[in-house]
Amino acid sequence: MTVPDRPALEGLEDKLSDRWRAEGTYAFEADTTREQVYSIDTPPPTASGSLHVGHMFSYTQTDVLARYQRMNGKNVFYPMGWDDNGLPTERRVQNYYGVRCDPTKPYIPGYQPPEKPAKNQRDWDVVSRRNFIELCEELAVEDEKVFENLFTRLGLSVDWSLTYRTIDDTSRAVSQRGFLRNLASGDAYMAEAPTLWDVTFRTAVAQAELEDREVPGAYHRIPFFTAAGEKVFIETTRPELLPACSALVAHPDDERYQPLFGQTVTSPLFGVQVEVRAHGLAKPDKGSGIAMVCTFGDLTDVTWWRELNLPTRTVVGRDGRFHAETPEWITNESGRAEYEKLAGKTVFSAKETVVTALTEAELVDGEPKKITHPVNFYEKGDKPLEVISSRQWYIRNGGRDAERREKLLARGRQLSWHPEFMRSRYENWVEGLNGDWLVSRQRFFGVPIPVWYPLDASGEPDYEHPIVPAEDQLPVDPVAEAAPGYDETQRDVPGGFTGDPDVLDTWATSSLTPQIVGRWSRDEEFFGKVFPFDLRPQGHDIIRTWLFSTVVRAEALNDSVPWNHTALSGWILDPDRKKMSKSKGNVVVPTDVLDEYGSDAVRYWAASAKLGADTAYEVAQMKIGRRLAIKLLNASKFALNLGASVDNVVRSADDAAVITNPLDKALMVRLYDTVQQSSRAFETYDYARALNLTESFFWQFTDDYVELIKDRAYGGHGEAEQASVLATLATTLDALLRLLAPFQPFATDEVWGWWRTGSVHRAPWPGRAEEIAGIEAASAGATADVLAAVALALGGIRRAKSEAKVKQRTEVLAAVVTAPENRLGSLRGGLADLKAAGNVRELTLLAGNPDGEADIEVSQVELAAPEEVPAS
RNA sequence: GGGCCUAUAGCUCAGUUGGUUAGAGCACUUCGUUUACACCGAAGGGGUCGGGGGUUCGAGUCCCUCUGGGCCCA
C-alpha cells in the first residue's frame, strides 16, 4: 500500500488514460452473448467542426451510464465514430488544400494537392470524387486526433479500437447496401416531384433540414380580371411569380368569392386564363382572402397543386433564375413580351421588373404593405428556398402512408425514452410529416447513389429500370465506374448508360451507424450480439433528423427498433440562459476548463445535470466537482493512514460481526441505503440522482463520521473499538470509490491504486448480492439516527464554542444535551465519540422537548479557561 | 395557432409513489491553521416553493386557471 504524502489531481489524466489504454480497460470482448452485452450507438460527432463544451457535457453523461453498466457486469460495446460525410468536411477540405471536386474527372492515383492552396478559387485544383474523398480522409485524421484527445482526456471509456468514419470504405458500402436493399423492397423510389431547392448550394433539401426564418416582405395588391372585366384583387408577397400562376384559391365558405368558383379569370400583364378554385387551406382573413397559386411558390402551393390537380407551371430553374424560354402557356403577344424581360433574371430582380411593369400599367392597388413573415430556408443556407420540379430519390418514412406512419409511431412507443416526455417530440414530428424523405443531394462529396440508368436509342435515360451493382462490388461510384455489363466507352451515348450524378443525404448514411459499427451485412453473428443496441444518446434537437431517420432505416432493413433506450441530453446555455452555438459566438473552448479544474471536475458539472435538462455553463459547479475529487483523495489518504486496509473490508455477512459500535453501524445503514437507491437510480438512467445520493453520503461520511471517530481510530478506546472503526472505514471507502467511479474516474482509480490491484473501473458495482448482504448484516438492528443525532449534538457544542469565540479544541468541562426521549438512545450510542470529538469532560443527557426549532439542543456549556496566548 | 418543458434561498440546482421543521453547493457574515484536507474547517443569517382557485386529515409534489421563461412544429 502506497499513499502519497500530498495527493493531487494534477497529472492523473495522462497517467491513468495511458494505463487504461495499455491495459485495455474498456475493450469490448467479442466472444460474448447478447445477454452479456450493453451496446451504445453514439452519434458520431463532426470532427471537422469545432470542439465545444456541449461535447463534454453530453458525452460525459453517456460515459457515466456506460461505466455503471460495465461495473455492473456488462460487456460494454462503446465505439466512437466520426461523421466526416457532408458539407462541413467538404468545405474544410476545399479551403485547406485548395481543391475542388468534379465527379466527372478521372481518378488520379497518388495525387498530391498543391503545396499551398491558391488564393483565388478559380485556380484551385479540380479533382475526382475519389481523390477528394482520399484528401478528406487524410485531413480528417488530424481533426479526429484533436477530438480523440479531448474525449480521452475527459475520461470517456470508449473502446478506441472500434472507431469508424461515415465516409470510409465500409461506411460507404453499408450505406449503399442499405439503399439498394431499400430499393429492392420498395422502401426507396424515384419520382419527379416538387422539390425544395437551395439555389446557393444547388441542391435539394429535405423537410428535416428546413428552418423557418422571419424575413421582411411586402404584400402587393394586384387585380385579376373576370370575363366581365371586374377586378379580383389578390395580395401576394411574390409578384414575380405571376407568370407561373395556375389558379386562384379561396376558402369554400368565403361568400365573397363563392360566385367566382369554377369561373376563369385573366392574369394581369401576362394575360393567362386561370380558374378560381375552392380549398380549405385558403385563409379568408389573410390578405384579400383569395390567393394565387404560382404552382410552387411555397409548400401550400404544392398542396393545392396536388390536391386540385393544377397544371405544372414552373418558371424558376435550379440556378434560381427565370427560365430563358418563354413558357408555352403564355400565349398573347404582350404577355410573352413581358416574360422576355424576366428571362434569365434572379428571383430578386425579376420581382423588381414585374412590380415596375405592374406599376406602369397602373395594376398595383395602393402602396405595397410591408410585413415580416416566416419563409423556408435550408438550415445551412442564406437564401430563401425555391420549390422546383425535379427527379429525386426518396425513402419512405410514413409521410405519405398512414400504415407506415403507425408502424413508426409504434417503434417510438417500443423505445424507452429518457426523459420520457421527449417521446412526444418524436410523435409530433412523425405525425406532422407531409412527404417522404428526399435522399438525393446534388453535391459532389458524399456517398454516391449506387445506380446507373440505361440510355435508349435517343439517349434518354430509362429511369424505370435502374442498373444496380452486385453487393460485393460496393462501394461504387457510378460517375467514375462503368455500369455492370457496360464499359466506359458506352457512358452517356445512346444505347449506353449514364451514372446517377447525385450523392445521398448525409443522414442516409448516418442513420445507419448501428449497422455500420455493428457489422450488419458483414458479420451477422456479431451484429446479433449488439443489435438492437441498448442505448442511443443524443441532443434533443436531432430527434427529428438523426433519431427518426435511424428508426426509419432499422424498421425497413431490420424490422426492429435500432435501440431499446434513447437518452436525450439538454443543451448548454450561457450565463444569460441563451443556447451556446457557434453562430452566436458565445461558445467556450473546452480545454480551458479541463486545464483549470481537471476532468473529474468538468465531469461532475455534466453529470449533475439530468437528462433532457438544458443546463447553464457553470464554472462554479466545476469547482465543486474539483473540491469533491480533492476531498476524496484526502479523506481516502486519512482513512488508509489510520490503518484501514483490504483486510478490513466487510465482504459478506460472515465478516460483519466486527462492526459493533452503534455509530459505525449507523454509517453502515446509510451506506446500505445509498447503494440501494443509487443503483435503482442508475437502472432508470437517472445518473444525476445517483451522484446526488452518493455525494450526500460522502459529505456526511467526511464531515460527521470521520470527525467523530478519530479518537477511537487512534486506539483510544481499545482494540475492539478500533477494529470496528477500521472495518467501517475500509468498507465505506471500498464502496464509495466504486459509487463515485462513473463520475470521477480519475480520482477514484488513483485512490484504488493506493491499496487495491487492478482498476476500479473493472471492479464490480457495490450492489451485488453478497456484498450488500454484508453491509446489511453490519447494519443489523441499528439506526442511522445515531450518526444524525450525534452530529447535531456535536454541532451544538461547536456552536457554543463559536459563539464564545474560543478555539474549537477548547475543552468543555460540562454540558447538557436535551433531546426527545426517542433520540436519547441514538445519542447514547455515540456518546464516547461525541465527547472525544467535542473535547467534553462531562456530558449530561436530558429527555425533553427543547424550545426553538432544533429538537436536539446543547445547553449549559461550561468551557475551560482559554489557553494563555503568549504575548508576541 | 398546436405541442412539450420550466418557474423552489442573491446565484446554480436537488426534493422519489402527496407525509414531521423544504435541502446542497456557491456567494455573504463571524470564528479558526486541532494529527486528511487553506484547492481547508466550524458556526450563522437567508425561502409567502411564480399568482389565484380546487382535491385531501395533510400539497413544493395531484387537478384547474392565469402569468413569466425556453424549445419544437405550423
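To find a chain, count down the sequence lines: A is the first, B the second, and so on, and within it residues start at 1.
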Exercise for the section: Give one of base, sugar-phosphate or nothing for A:Arg544, where a contact means two heavy atoms less than 4.0 Å apart. Expected result: sugar-phosphate
Exercise for the section: May I ask you to decide if A:Arg544's main-chain N or O and A:Trp429's side chain share a donor-acceptor pair within less than 3.5 Å? Expected result: yes
Handout entry: Separation between the P atoms of B:A59 and B:G52, rounded to whole Å
Key = 15 Å
Practice task
Using a strict cut-off of less than 4.0 Å between a Lys/Arg side-chain nitrogen and an Asp/Glu carboxylate oxygen, indicate whether A:Lys637 and A:Asp5 qualify as a salt bridge.
Solution key: no
Practice task
State which of B:C26, B:A14, B:A43 makes the closest approach to the side chain of A:Ser802.
Solution key: B:A43
Exercise for the section: Report yes or no: is the cationic atom of A:Lys610 (NZ for Lys, CZ for Arg) under 6.0 Å from the centre of the six-membered ring of A:Tyr687, at an angle within 45° of the ring normal? Expected result: no
Completion exercise
Sorted by position of nearest nucleotide on RNA chain B, 5' first, the leading residue of A:Asp703 and A:Met422 is A:Met422
Practice task
Please list, by residue number, the residues of residues 423-434 of chain A whose heavy atoms come closer than 4.0 Å to an atom of RNA chain B; answer none if no residue qualifies.
Solution key: A:Ser424, A:Arg425, A:Asn428
Problem - Rounded P spacing from B:G23 to B:U29 in Å - result: 24 Å
Exercise for the section: Indicate yes or no: does A:Arg405 engage A:Glu431 in a salt bridge with an N to O separation below 4.0 Å. Expected result: no
Problem - Under-3.5 Å donor-acceptor pair between A:Glu707 side chain and B:A36 base - result: yes
Problem - Sugar-phosphate, base or nothing in reach of A:Thr702, heavy atoms under 4.0 Å - result: base
Problem - Pair assignment for B:U56, Watson-Crick or G-U wobble, requiring both distances under 3.5 Å - result: none
Exercise for the section: May I ask you to say what A:Lys631 touches in the nucleic acid, namely base, sugar-phosphate or nothing, with a heavy-atom cut-off under 4.0 Å? Expected result: base
Exercise for the section: Sticking with atom C1', work out how far B:A27 lies from B:C71, rounded to a whole angstrom. Expected result: 31 Å
Exercise for the section: Could you give the distance separating B:G47 and B:A7 at their C1' atoms, to the nearest angstrom? Expected result: 14 Å
Handout entry: SB check A:Glu596 A:Arg626 (cutoff 4.0 Å)
Key = no
Exercise for the section: Calculate the interatomic distance between A:Gln538 atom CD and B:C71 atom P; express it in whole Å. Expected result: 20 Å
Practice task
Report yes if a side-chain nitrogen or oxygen of A:Arg799 is closer than 4.0 Å to either non-bridging phosphate oxygen (OP1 or OP2) of B:A43; otherwise report no.
Solution key: no
Practice task
Kindly state whether the ring of A:Tyr597 and the ring of A:Trp605 have centres lying under 6.0 angstrom apart.
Solution key: no
Practice task
Taking atom C1' in both B:C62 and B:G10, compute the distance separating them and give it to the nearest angstrom.
Solution key: 31 Å
Practice task
Check every atom of B:A43, B:C5, B:U12 against the side chain of A:Phe421 and return the nucleotide holding the closest atom.
Solution key: B:C5
Exercise for the section: Using a 4.0 Å heavy-atom cut-off across all strands, classify A:Gly612 as base, sugar-phosphate, or nothing. Expected result: nothing
Practice task
Assign A:Glu803 to base, sugar-phosphate, or nothing according to its heavy-atom contacts below 4.0 angstrom with the strands shown.
Solution key: nothing
Exercise for the section: Using atom CD of A:Glu10 as one end and atom P of B:C39 as the other, report the distance to the nearest whole Å. Expected result: 11 Å
Practice task
Send over the distance from A:Asp541 CG to B:C71 C1', rounded to a whole Å.
Solution key: 10 Å
Exercise for the section: Give a yes or no on whether the backbone of A:Trp571 and the side-chain of A:Asp614 come within a donor-acceptor separation of less than 3.5 Å. Expected result: yes
Problem - A:Arg413/A:Glu420 salt bridge by N-O under 4.0 Å criterion - result: no
Exercise for the section: Determine which nucleotide pairs with B:C49, using a 3.5 Å limit on both distances of a Watson-Crick or G-U wobble pair. Expected result: none
Problem - Assigned partner base of B:A42, Watson-Crick or wobble definition, under 3.5 Å - result: B:U30
Problem - Rounded P spacing from B:A74 to B:A14 in Å - result: 30 Å
Practice task
Record whether the side chain of A:Lys805 comes under 3.5 Å of the base of B:C31 through a donor-acceptor pair of N or O atoms.
Solution key: no
Exercise for the section: Measure the distance from CD1 on A:Ile543 to C1' on B:C71 and round it to the nearest whole Å. Expected result: 11 Å
Handout entry: Toward the 5' end of RNA chain B, by each residue's nearest nucleotide, A:Tyr714 or A:Arg680
Key = A:Arg680
Handout entry: From CD (A:Glu13) to CG (A:Leu594), nearest 0.5 Å
Key = 7.0 Å
Problem - Value in whole Å for how far the C1' atom of B:U12 lies from CD1 of A:Ile572 - result: 13 Å
Practice task
Determine, using ring centers only, whether A:Phe743 and A:Phe682 are less than 6.0 Å apart.
Solution key: yes
Exercise for the section: In whole angstrom, give me the gap between the C1' atoms of B:A9 and B:U48. Expected result: 13 Å
Problem - Carboxylate-amine/guanidinium contact A:Arg425 A:Glu427, below 4.0 Å - result: no
Practice task
Would you kindly give the CD-to-C1' distance between A:Gln744 and B:C39, to the nearest whole Å?
Solution key: 14 Å
Practice task
Take atom C1' in B:U56 and the same atom in B:G19, then report the distance between them in whole Å.
Solution key: 12 Å
Exercise for the section: Measure from the side chain of A:Phe638, starting at C-beta and using heavy atoms only, and say which of B:A36, B:C26, B:U12 lies closest. Expected result: B:A36
Practice task
Return the nucleotide paired to B:G25: Watson-Crick means purine N1 to pyrimidine N3 with N6-O4 or O6-N4, wobble means G-U with N1-O2 and O6-N3, both under 3.5 Å.
Solution key: B:C11
Exercise for the section: Taking the six-membered ring for Trp and the single ring otherwise, decide whether the centroids of A:His565 and A:His418 are under 6.0 Å apart. Expected result: yes
Problem - Below 4.0 Å: OP1/OP2 of B:G15 and any side-chain N or O of A:Lys610 - result: yes
Practice task
Starting at atom NZ of A:Lys710, determine the distance to atom P of B:U35, rounded to an integer number of angstrom.
Solution key: 9 Å
Problem - Between C1' of B:C71 and CD1 of A:Ile542, the distance in whole Å - result: 15 Å
Practice task
Tell me which residues in residues 622-630 of chain A put a heavy atom below 4.0 Å from RNA chain B, sorted by number, or none.
Solution key: A:Ile624, A:Arg626, A:Arg627, A:Ile630
